Structures are given as structure tokens and as C-alpha cells.
Engineer: 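Quick one: the structure is below, and I'll ask about it shortly.
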Amino acid sequence: MYFNTDSITNLKDKLLLCAINEFAEYGYEGARIDNIVNAADCSKQTLYHHYGNKEKLFIAVIEYSWNDIRTKEMAVTLTAGDPEGNLSKLIDFTWDYYIHNMWFLKIVNTENQNKGEHLKKSLKIKEINKNHLNIMDQIILEGKKMNIFREDIIPVHVNISIAALGFYYLINQHTLGFIYNMEMASKENLDCRHSIIKETIIRWVSA
């Protein structure tokens, strides 16, 4: 269980968090409405009243998931005139968020297995991620103007690379750990991976 919902009094909110627990653990196909309503201590009719059906509930879960990371990302304090420092802060934030919110990685992974079919039906997801894209655009542009970053760097590829270098390691930690005979989630290895991600990104973009 990723969210403890015992103290939540708003039933709609409780249903959503119970749904996150279920979808993150079992995926879209494996998740069961019965498990969600039992965890929320309500009826199926109540769930359908608030969310309509399983697919609409999962879309709400996706929107909550992306909104959570983007809202917290917006709280990162960035400093004008320090594009490399600001890029480092976003790398740090993303890695820390992933480590402490494995449910987010599992929800994203589940939707990737569904080829993004539910994500595409969301009316909110593009707006939710708009500021995320703008922030990196501004950081890279500032770095180029200061001759700190390479002119050929494309901001969206920086976003993708930061996400990919952390996501792949964490979501595959059990299989990779067995193959490479290492404790992927040990503090030592997590710190090492964090350093590798930061060094990889900063060296790549640097002029």
C-alpha cells in the first residue's frame, strides 16, 4: 500500500487514493473495482457516482499522478543567472521524487503497457505538463545565451533523458539487481546512480 487512507474523510479523495494503490500494485488489467471499494469502505455505486467507470477512474489516477509531480516540481526554487545550478536542482528533484513515490513510476509504467490509450483521453494532461516543458525551455535558453550550454541541445530531450535515466533504474531494480548481483536500492547504489545521472546530463549539455 502506497497511501494510507485511514484518516481521509472525503470519500471521493479516498476512492482515488485507494485506486492508486490498486492500479500501482496490479496494473490496469489486474486492478479490481471490488478491491478499491472494499479499501475505501463504500459501494460500487458510490465509486461509479464519482468516477463513472474503471477507465474514467484510471484517467483520474493518471491526472492526479502527473499533477502531483508537476505541482511539487513548481515548488523547486530556481535562481536567475544560474542555468547549470537550476538544471542540477531539477535532476535532484526528479530523482528524489521517483525514490519516494514508486507508485508514480508504476502508474506510468502501467499506462505505457497500455500504449498511452487512457492518457490520450485526458482533457487535462497537456495543461498539467505545460509548465514542466516551459521551465526546461527557459533553463536551456539561458544557458545557451551565457555560452554554458551547447547550441544544439533540445530542451525536451533533456527532460526525457533525466526521466529515463532514473525511471529505468528504479522500475527495473528487481530484474537488474538479480542479473548484476547487486542491491539496487541500497543507499550506496542509489547515491551512485544519482551522481551518474547528474554528471551524464550536465556533461552532455555543457559547451
Side-chain angles (χ1 to χ4, degrees), residues 2-3 10 12-13 16-17 19-20 23-24 28 50-52 55-146 148-171 194 197-198 200-202 204-206:
Y2 302 96
F3 289 98
N10 183 291
K12 185 176 182 179
D13 293 343
L16 185 63
L17 295 182
I20 290 174
F23 286 120
Y28 181 75
H50 287 297
Y51 292 103
E55 181 181 43
K56 289 180 180 178
L57 174 61
F58 187 57
I59 291 172
V61 164
I62 292 171
E63 292 172 345
Y64 175 95
S65 302
W66 283 106
N67 188 65
D68 188 66
I69 188 172
R70 296 307 172 222
T71 299
K72 291 172 180 173
E73 183 180 59
M74 286 295 294
V76 175
T77 301
L78 303 180
T79 305
D82 186 17
E84 184 174 315
N86 291 335
L87 181 55
S88 291
K89 287 179 181 179
L90 291 184
I91 293 169
D92 292 342
F93 165 78
T94 303
W95 178 249
D96 289 342
Y97 184 89
Y98 284 179
I99 288 177
H100 294 103
N101 297 277
M102 279 298 297
W103 61 269
F104 172 82
L105 302 185
K106 291 187 174 184
I107 294 296
V108 173
N109 194 51
T110 291
E111 182 57 1
N112 273 301
Q113 291 174 336
N114 286 284
K115 301 181 179 179
E117 63 179 61
H118 306 104
L119 185 79
K120 295 170 186 175
K121 295 178 182 179
S122 169
L123 301 178
K124 302 177 181 178
I125 207 69
K126 288 189 176 181
E127 184 64 28
I128 288 171
N129 284 285
K130 184 177 180 179
N131 285 331
H132 166 70
L133 298 172
N134 290 338
I135 290 170
M136 189 59 72
D137 285 346
Q138 294 166 10
I139 290 173
I140 298 302
L141 178 60
E142 185 175 36
K144 289 178 180 180
K145 288 181 177 179
M146 296 173 66
I148 294 173
F149 295 158
R150 289 165 36 192
E151 283 295 328
D152 63 342
I153 293 299
I154 301 172
V156 70
H157 282 294
V158 181
N159 283 326
I160 292 170
S161 295
I162 293 171
L165 288 169
F167 186 97
Y168 182 86
Y169 181 95
L170 294 170
I171 204 70
H194 184 189
I197 294 170
K198 185 177 290 189
T200 300
I201 297 296
I202 296 298
W204 165 46
V205 303
S206 294

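Counting from 1, the numbers follow the sequence of the chain as shown. This structure is a prediction, so every number in the text was calculated from the model and none was measured.
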Engineer: In chain order, what residues pass the side chain to side chain donor-acceptor pair (under 3.5 Å) check against Trp103, with sequence neighbours excluded?
Structural biologist: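 Here the qualifying residues are Asn101.
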Engineer: Evaluate the criterion side chain to side chain contact (heavy atoms under 4.5 Å, CB included) for residue pair Ile59 and Lys124; output intermediate values, then yes/no.
Structural biologist: CA-CA 10 Å; Ile59 291 172; Lys124 302 177 181 178; over 6 Å; no
Engineer: Measure the spacing between CG of Leu87 and CD1 of Ile140 and express it to the nearest 0.5 Å.
Structural biologist: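 Here the interatomic distance stands at 5.5 Å.
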Engineer: Among residues at least two apart in sequence or on other chains, which ones pass salt bridge (charged side-chain N to carboxylate O under 4.0 Å, His left out) with Asp137?
Structural biologist: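 Counting only residues at least two positions away or on another chain, Asp137 forms no salt bridge (charged side-chain N to carboxylate O under 4.0 Å, His left out).
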Engineer: Tell me, with the steps shown, if Ile197 and Trp95 meet side chain to side chain contact (heavy atoms under 4.5 Å, CB included).
Structural biologist: CA-CA 9 Å; Ile197 294 170; Trp95 178 249; 3.6 Å; yes
Engineer: What pairs with Lys56 under side-chain contact (heavy atoms from CB on, under 4.5 Å), at least two apart in sequence or on another chain?
Structural biologist: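 Here the qualifying residues are Asn53.
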Engineer: Please round to the nearest 0.5 Å and tell me the distance separating atom CD1 of Ile91 and atom OG1 of Thr200.
Structural biologist: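 So the gap between those two atoms works out to 9.0 Å.
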Engineer: Hey, is the main chain of Tyr64 close enough, under 3.5 Å, to the side chain of Asp68 for a donor-acceptor pair?
Structural biologist: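 Such a contact is absent between Asp68 side chain and Tyr64 backbone.
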Engineer: When you look at Asn67 and Glu63, which way does the side chain to side chain contact (heavy atoms under 4.5 Å, CB included) test go after all the steps?
Structural biologist: CA-CA 6 Å; Asn67 188 65; Glu63 292 172 345; 5.9 Å; no
Engineer: Using ring-ring contact (aromatic ring centres under 6.0 Å, His included) as the criterion, list what pairs up with Phe58, not counting sequence neighbours.
Structural biologist: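 In terms of ring-ring contact (aromatic ring centres under 6.0 Å, His included), with neighbours along the sequence ignored, Phe58 is linked to Phe23, Tyr28, His118.
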Engineer: Any chance you could measure Phe93, atom CZ, to Ile69, atom CD1, to the nearest 0.5 Å?
Structural biologist: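 It comes to 5.0 Å.
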Engineer: So, taking the atom named CG in Asp13 and the one named CZ in Phe3, what distance separates them when rounded to the nearest 0.5 Å?
Structural biologist: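 Reported value, rounded in 0.5 Å steps: 11.5 Å.
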Engineer: Do you know which two heavy atoms are closest between Met136 and Pro155, and how far apart they sit?
Structural biologist: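 Met136 and Pro155 have their closest heavy atoms at CG-O, 3.5 Å.
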Engineer: Which heavy atom of Lys72 sits nearest to which heavy atom of Tyr97, and what is that distance?
Structural biologist: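 Where Lys72 meets Tyr97 most closely, the heavy atoms are CD-CE1, 3.9 Å.
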Engineer: When you measure from the centre of the six-membered ring of Tyr51, is the NZ or CZ of Lys12 closer than 6.0 Å and no more than 45° off the axis?
Structural biologist: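 Output yes; distance and angle both within limits.
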Engineer: What residues, two or more places apart in sequence or in another chain, satisfy side chain to side chain donor-acceptor pair (under 3.5 Å) together with Arg70?
Structural biologist: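 Arg70 satisfies side chain to side chain donor-acceptor pair (under 3.5 Å) with Asn129, His132 once adjacent residues are dropped.
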Engineer: Report yes if some heavy atom in the side chain of Ile107 is under 4.5 Å from a heavy atom in the side chain of Phe104; otherwise report no.
Structural biologist: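 Sidechains of Phe104 and Ile107: no contact.
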Engineer: For Ile148, run the side-chain contact (heavy atoms from CB on, under 4.5 Å) check against Arg150, Lys145, Met146 and tell me which one passes.
Structural biologist: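 Result for side-chain contact (heavy atoms from CB on, under 4.5 Å) with Ile148: Met146.
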Engineer: Without placing hydrogens or testing angles, list every side-chain donor-acceptor pair under 3.5 Å for residues 157-168, not counting sequence neighbours.
Structural biologist:
unit_1 : atom_1 : unit_2 : atom_2 : d
Ser161 : OG     : His157 : O      : 2.8

Engineer: Could you tell me which residues satisfy salt bridge (charged side-chain N to carboxylate O under 4.0 Å, His left out) with Glu55, sequence neighbours excluded, listed by chain and number?
Structural biologist: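 Per chain and number, Glu55 pairs via salt bridge (charged side-chain N to carboxylate O under 4.0 Å, His left out) with Lys121.
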Engineer: List for me each residue that meets side chain to side chain donor-acceptor pair (under 3.5 Å) alongside Asn114, sequence neighbours excluded, and say none if there are none.
Structural biologist: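 None.
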Engineer: Here's a test for you: under side-chain contact (heavy atoms from CB on, under 4.5 Å), which of Leu170, Thr110, Ile99 qualifies with Leu105?
Structural biologist: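 The single option meeting the side-chain contact (heavy atoms from CB on, under 4.5 Å) with Leu105 is Leu170.
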Engineer: What closest approach, in Å, do Ser88 and Ile202 show between heavy atoms, and which atom pair accounts for it?
Structural biologist: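 That closest heavy-atom pairing would be OG-CD1, 3.8 Å.
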Engineer: Going by side chain to side chain donor-acceptor pair (under 3.5 Å), name the residues that satisfy it together with Tyr2, two or more places apart in sequence or in a different chain.
Structural biologist: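 Only Glu25, Lys106 meet the side chain to side chain donor-acceptor pair (under 3.5 Å) criterion with Tyr2.
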Engineer: Could you state the interatomic distance from CD1 (Ile135) to CG (Asn86), rounded to the nearest 0.5 Å?
Structural biologist: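 One gets 10.0 Å once the value is rounded to the nearest 0.5 Å.
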Engineer: How would you list, by chain and number, every residue that makes a salt bridge (charged side-chain N to carboxylate O under 4.0 Å, His left out) with Asp96, sequence neighbours excluded?
Structural biologist: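 Partners of Asp96 by the salt bridge (charged side-chain N to carboxylate O under 4.0 Å, His left out) criterion come out as none, since no residue qualifies.
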Engineer: Main chain of Phe149, side chain of Lys144: is a donor-acceptor contact present, judged purely on distance under 3.5 Å?
Structural biologist: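 Absent.
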Engineer: Only pairs at least two apart or in different chains count here, so list each salt bridge (charged side-chain N to carboxylate O under 4.0 Å, His left out) that has a residue in residues 76-91.
Structural biologist: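 Sorted result for residues 76-91: empty, none.
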Engineer: Applying side chain to side chain contact (heavy atoms under 4.5 Å, CB included) to Trp66 and Leu119, what does each step give before you reach the verdict?
Structural biologist: CA-CA 10 Å; Trp66 283 106; Leu119 185 79; 4.0 Å; yes
Engineer: Rounded to the nearest 0.5 Å, what's the gap from CE on Met102 to CD1 on Ile171? Could you check?
Structural biologist: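 Reported to 0.5 Å precision, the distance equals 4.5 Å.
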Engineer: Going by the rule salt bridge (charged side-chain N to carboxylate O under 4.0 Å, His left out), which residues pair with Lys130 if we only count those two or more places apart in sequence or in a different chain?
Structural biologist: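 Listed in chain order: nothing, the list is empty.
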